[in-house]
Amino acid sequence: MDVGSQVTVLYNSPHQIPLGLLIAQYFYLTGLSAGSFVISVVAILGRKVEYKPLGKIGAILAPLCLILAPMNLLSDMAQPLRFWHLMTYLPGYINFKSPITYGVILLTAYPISATIYAYFVLTGNMKWSKVFAIIGIPLAISVHGYTGFILALGKGRALWNTALMPTLFIVSAMVSGIAMMILIAIVRNMFFMKDKTVEEREKDRQLILGLGKFLGGAIIADLFLLFNDILVLLTSSKEAWETAHLLLWGKFAFEFIGVELFFGSIIPLFLVFYPKTAKTFKWLSIASVLVMIGIYAMRFTVVVGGQSVPLH
Amino acid sequence: MAKEEEKRKIRYAMLVDLRRCVGCQSCSVACKSENEVPLSKFRTWVKIIEKGRYPDVSRQFLPALCNNCENPICNRNCPVHATYIRPDGIVMVNMHRCIGCMYCMASCPYDVRYVNPLRKIVQKCFWCAHRVDAGLLPACVETCLGRALIFGDINDPNSEISQVLATNAVVRLKPELGTDPHVFYIAADADAMDPTKGIDIDKIRFMEPY
Amino acid sequence: MKITRRGLLKIGAISTSAITIGRGFNLFANAMELLPGGKEVSRTTGKFLKPIPSTCLNCYARCGNFGFVAYGGLIKIGPNPEHPNSRGRMCAKGQAGVNLLYDPDRVMHPLKRVGPRGEGKWKRITWEEAYITVVQKLRQLKAAGKEDEFVFQSDRDITTQDICRRFCYAYGTPNALVNHSPGGWNKRIAQMLTWGADFEIPDVANTEYILIFGSNPFEAHYMRTSFVQRIVEARGLRTEARLVKPKARLIVFDPRLTQTSGRADEWHPIKPGTDGAVALAMASVIMNEGLYDREFIGRWCNYPADKLARYLKKFTPEWAQKISGVPASDIKRIAKEFAATNPATTVSTGGVTKHQNSVYTERCVALLNAVTGNVDVKGGYCLPRSYEFAEPDPIPPVPQRRSELAHPVDFPLASYEVPQRVIPMIKEGRAKVSFYMTYQYNPAYSHPEGHEISRMLKDEDLIPFHVVIDSVYSETAALADMILPAATYTERLELESPPAFDMIPFVSLRQPFINPLGESVAITDLLIELAHRIGGGMERYFNFDTKGYLEHRITHIDGLKKAGGLSYLKENGLWYDKDAQPSFRTYEKKGFDTPSKKFEIYSERMAKYGFNPLPTYEPIQQHLTMKEDELFLITYQWSVHTHDRTANCMWLSEIVHENQVFINAETARLRGIEDGDMVEVISKAGSIKTKARVVQGIHPNVVAIGDSCGHWEYGRIAQAKAFESDVTTTKLLWWTEKGVTPNPIISIISDPIGGGEGWMDTKVRIKKI
Amino acid sequence: MDGYKGEDKEDMMESTENTARARAYEILAGFFSNEPTREMFDFLNEAISCSIEDTIEGIEVDFATMFIVPGNGLQPFESLYNRAPDEEPSLWGKATKDVAGFYRAYGVHIDESTGILPDHISVELGFMGHLIEREDNNAQRRFLEEHLLKWIPEFCDRVYSKANTDFYKGVSKLTKEFILSEYEAIKGEAR
């Protein structure tokens, strides 16, 4: 207990958290979509033919997640029936400075392009799928990067107001996207490849195990960014310090240290790099599930935790 | 030229002289009454703290209200231009335009916006613009027991607020964010201005947004 | 030079402000600024709303207000800038009058009890039926010659007490128990004994030194809104051209850090009930160091200065330090400052008057003003200035029958009833009651030993018939046989003349903003109707309607009559003599209103009944037997609440809805109590459970509990229940704690001289649960 | 904010007629408060070419002689004119208090440091201008009826007969006419 100042708040108005779980969920789903789209495009554009099946999975998942994501947004709005106010693209009616406006444009453009892309990938039209892959990549990165901007522009919140936020969001989107791809691929390999030859299945297996390494790399990048972020929080302003306190040993310590860092990053990292566990589907799928939970916890701590430091 | 001078720009501002504040909360209730603010929400209220060690203890107050910033983040971030700034500096919310995305609330560094649970739109203190337009003072200023609140045009050198501003040291809340807030405080207590002082940050109860 | 009107307007249209000299000369310092007060504009149409000038009554300060009415409803209550006392300011309570009017739990119809008393089963009846029942009972009593078994009691409602008393006397009962509330009467008795007025108006606006004993004007004072704004002004805390005034110092003696003491220049935590010792020691310093006002004591006091100095010699600052815990050096210093600064004044309310030794203490405080010559001078301790209202002829004679309730023999100087003892006295058999009628009176909640009182009220043998006239379903109403819906203060027509702070007395009118809701009836209309129905000669004393009654009451005020009487008041809300100038030292004309016509430092009347005639300090009995682990319990009033009538105002209860027990951090540490822990507060009379609020700003031997929350009836807002209703946003009620009331654990103890309750004399133990 | 329509409000405030009236009162107030400045003089002479034949010195002398030097009976204070028959003419008379109360009721303070009485003609005229800016028709009518009309015509007549300059003859005539015409206009409007 600090002796220097004895302050007791006798009266204050209630604090509020405007953006809640639904927004965190929305960020999570756009992250999944962006992540899987990027992996899919890498697979399609890449030279190795064996990656192509992954491309198909990603191509389906990306628009799927993106249809679910705005549902969260709409149900979070106090006036969901006025959603069309966002779409009257006339100067003076919508604010082109607001990240939400970028979001609306992206959320319209990206699912369309992703759907067309998926159509061409599934019908095997390589030429057009490459065209749409190239169109889709910046969109996919922006669609998730902009969510980082949404938070970064909340100037009053120490956890959000950092230039790292968009990058962190994109990297964590990669992490969760890869993890989801791995899971789907494992399911496909185990249940839907019964008619394929043993060699084909083995080739697919190697491919999936290779993805595990990708996952590990992405996790490391994510951890590095998080480390930077926390370090800055700990050493800058008082609010930032309070935020770091909340995350490291305060109210959100379980979600952040426990779920996000330990179960969501450290254990999966170990699982994908430790030779014994890296080679089995069982451990790899466990790692992926943990990563997906971890990223979900990350979205939650960032959105809700970021607002948990009172502003008055 | 004549016209220009006549249309000298008005910039309203609020000045809170905390040496005169008695912490009576009549501003809070006046606002509720004037603007039909629903229960659980406040446009303005007085934070009351106690500081020091027995027997050297004092009470400090801090009336909180919308700062009607010159560069409000809420306005910048509102996707549909529901938040707009009047020529006299008052930041307004257009109730017909607001979609209730609550991004402005998340952006506001002072946490003075709220969603009206009945009308499902974001509202906040707008210095009783309807009264100001009719030539009246905001309800809180009118009723302030200690006359701690001074409201007026800071571009008019003869106004009371300009004169008091010119002769007193004032502080503002979080000016470092570059929002240029227009609520000035005289003799505000640093601990009262610090939102994290005197509370257990892990145990605060938060309200539902609406 | 030839310009026409048209030409002039043309110039006006094109000219710039450089040319218009009226502006350049800056006559109107504020002319171009926004204007406070007296107006309200519709948020939707931008049109001005119709203001109705009236007077507030959500507490006794009785500030000027405006009701703004539109669409047949009251939209808002705002301050009246022309009111000489409140000057366009209004506290939270005043503005929440709208809540009181549109209280969703208001009693709107006459109700009759069904089933056992207190079970909560009611049947709606017509007014006709209600009147018939009441009239029948009263007629029976009268026929049996037992008029005195009809007892009418109300909380001290200054406004209506005259007509209530008139009703009782006309009926023939002396039991018009309408003069007191259980708090605050001691001070008045002490003042009456000392200088013949029942309270003082400290002219804080013009003073330079404010010495506060147990008062918290920033939060609660009987004239709060008018008073606090003048204190702030006297402190002259704004550096601008128009406010060059010496800063008045503010010194507070209070066991608790309040809004006032927390903002004062000095706060001296003092042991409860020992203010008298400090004041005496100060007077002693002033007298013995020769700092006193020779002229005032010599000419206007009834005790010579040298004798007084000799008498006070034994009350040294060191003696006071031992009793009160305030350092002797501080007492000496403040005494000298107080004597040296002119004008200076004291303020003393709750903390002084709510003890068993209050009358003595209050006289010590008054003595301080007398010895420094601050009595009724500009910036000093002034006599109240207000208008007396006349009673229309014929005036009913005071019933000659002796009543133990109205004039208790135990309290010979208290001259009126001792309200907190009324129901216990009935229980003790010292008076018989067949018909008990109460108006806006809630002893079950607001009296000490409230639970005990509830039990007595429930006893049908003790009180065979109980009619409650009230607008809320109070704890007491719940134990009644019949509830008659009363109009709130926003629906009544009444006259007021609160003491004026600008020293020019004024009359203000309270008029209905809207017609009474439901079937509520204003108390005056109700009593007039009852009197006519009872008849038997009684009706001739009520030969008027409410309006006529009020007209009669002000006929003797010539200036007002000339201005237009009641219709002037209806239009303007208030009247005062605009030519009058404040005058001071008014006692110089006729002397003080005491037997000796002087400021009575020595009170013959007190000597007659065996009390100490000189200001003295008497220790509080309970404090002498204080055990190690015992603490003083004090109560206080929240800034947004009255003691017991605002809990169902949602805007107020939203701000304060919980009564935590405030306890010093060190005391709490020794008992292992942390902030927010549930604790039990145990006294001789009972125990309550509440949360602990561990703070620094309270005397270590004191715990404090506010006294506005913790209702168990009264309405759903008071009980923190969210519900759907059509008038308000009550479904959004978000708090779940309704708090507790400390009243049940406070014993009924009265000051033997004043008869007022010793609210702050309870010893408690506190333990964590 | 409920029902606020920014544009509509702005239109409402642009009521030029009232602005002109308010200004006119202020100009009149100016004529009685101080000698016209050179600026004003030039403005009147050139900008609207009302061709003042007096010199500025002449006007200044006339101003001081009439309104400043005591004993000329032309001190421009209401309480000297508007009084009960039995009341002695004096400064700070009943009318002064009345008018001060009027100002207070409308929240207007007079800067005390100027030492000017509230019932000085220029203060009253300036206040009237202020009432117009507030668009409070009832108050305007009341103020005209209770104060301005009660004494200004009489006062102006006296000035007219005493003035040595054309300028003040014109001003006094204009003021009287203006006030009377104002009352005609307002009477119709307010009812």
Side-chain angles (χ1 to χ4, degrees), chain A residues 3 5-20 23 73 76-86 88 92-95 97-104 150-151 153-157 160-161 237-239 241-242 245-246 250-252 303 306-312, chain B residues 23 25 28 40-42 45-53 57 59 64 73 75-82 97-103 105-115 120-122 174 177-179 191-192 194-199 201-210:
Chain A
V3 180
S5 62
Q6 264 296 333
V7 175
T8 316
V9 177
L10 295 177
Y11 180 76
N12 204 349
S13 88
H15 303 280
Q16 41 186 0
I17 294 188
L19 304 183
I23 296 293
L73 264 193
D76 188 64
M77 263 160 63
Q79 291 278 6
L81 292 180
R82 291 189 185 169
F83 73 95
W84 58 271
H85 284 193
L86 287 162
T88 41
Y93 281 88
I94 67 165
N95 180 1
K97 280 194 252 166
S98 171
I100 290 192
T101 307
Y102 320 155
V104 174
I150 287 191
L151 299 188
L153 287 174
K155 274 192 191 174
R157 322 267 176 185
W160 298 357
N161 186 15
S237 68
K238 185 163 180 294
E239 283 85 30
W241 195 89
E242 291 288 352
H245 152 89
L246 275 180
K251 205 180 192 172
F252 293 95
V303 173
Q307 296 169 81
S308 289
V309 179
L311 296 176
H312 57 69
Chain B
Q25 303 283 9
S28 321
S40 79
K41 307 293 170 191
F42 288 92
W45 69 96
V46 185
K47 180 179 175 182
I48 301 175
I49 67 160
E50 181 193 281
K51 68 181 276 190
R53 279 184 173 278
V57 203
R59 280 203 184 181
I73 311 176
N75 178 51
R76 190 216 180 282
N77 283 351
C78 174
V80 293
H81 277 314
R97 193 75 194 131
C98 176
I99 56 169
C101 67
M102 291 181 272
Y103 186 31
M105 291 165 67
S107 315
C108 175
Y110 309 102
D111 197 9
V112 290
R113 289 173 162 252
Y114 64 86
V115 177
K120 310 269 191 229
I121 42 161
V122 173
K174 301 181 193 169
L177 295 176
T179 53
D191 288 332
D194 186 341
T196 53
K197 267 268 170 68
I199 47 164
I201 197 167
D202 294 328
K203 285 189 192 152
I204 313 174
R205 241 186 68 207
F206 285 92
M207 296 285 284
E208 294 295 315
Y210 60 91

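Convention: sequence-line order gives letters A, B, ...; per-chain numbering from 1.
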Contacting region of [X] [heavy-atom separation from chain A under 4.5 Å]:
| X | result |
| --- | --- |
| B/Phe42 | side chain |
| B/Ala64 | neither |
| B/Ile201 | both |
| B/Lys41 | side chain |
| B/Arg97 | both |
| B/Asp194 | side chain |
| B/Val57 | neither |

Measure distances from A/Ile17 to the heavy atoms of chain B and classify the residue's part below 4.5 Å as side chain, backbone, both or neither.
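Contact with chain B involves both backbone and side-chain atoms of A/Ile17.
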Name the region of A/Leu73, side chain, backbone, both or neither, that has any atom closer than 4.5 Å to a heavy atom of chain B.
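For A/Leu73, no heavy atom lies under 4.5 Å from chain B.
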If the threshold is 4.0 Å, N to carboxylate O, is there a salt bridge linking A/Lys251 and B/Asp202?
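B/Asp202 and A/Lys251: not salt-bridged.
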Counting N and O atoms only, with roles assigned by atom type, does the side chain of A/Gln79 sit under 3.5 Å from a partner on the main chain of B/Lys120, one being a donor and the other an acceptor?
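At least one qualifying donor-acceptor pair exists.
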Best-contacting candidate, A/Thr101, A/Asn161, A/Thr8, against chain B by heavy atom pairs under 4.5 angstrom
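The option with the most such pairs is A/Thr8.
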Kindly check if the number of other-residue, nucleotide or ligand heavy atoms within 6.0 Å of NZ (A/Lys97) is above 12?
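Atom NZ in A/Lys97 is not packed in, count stays at 12 or less.
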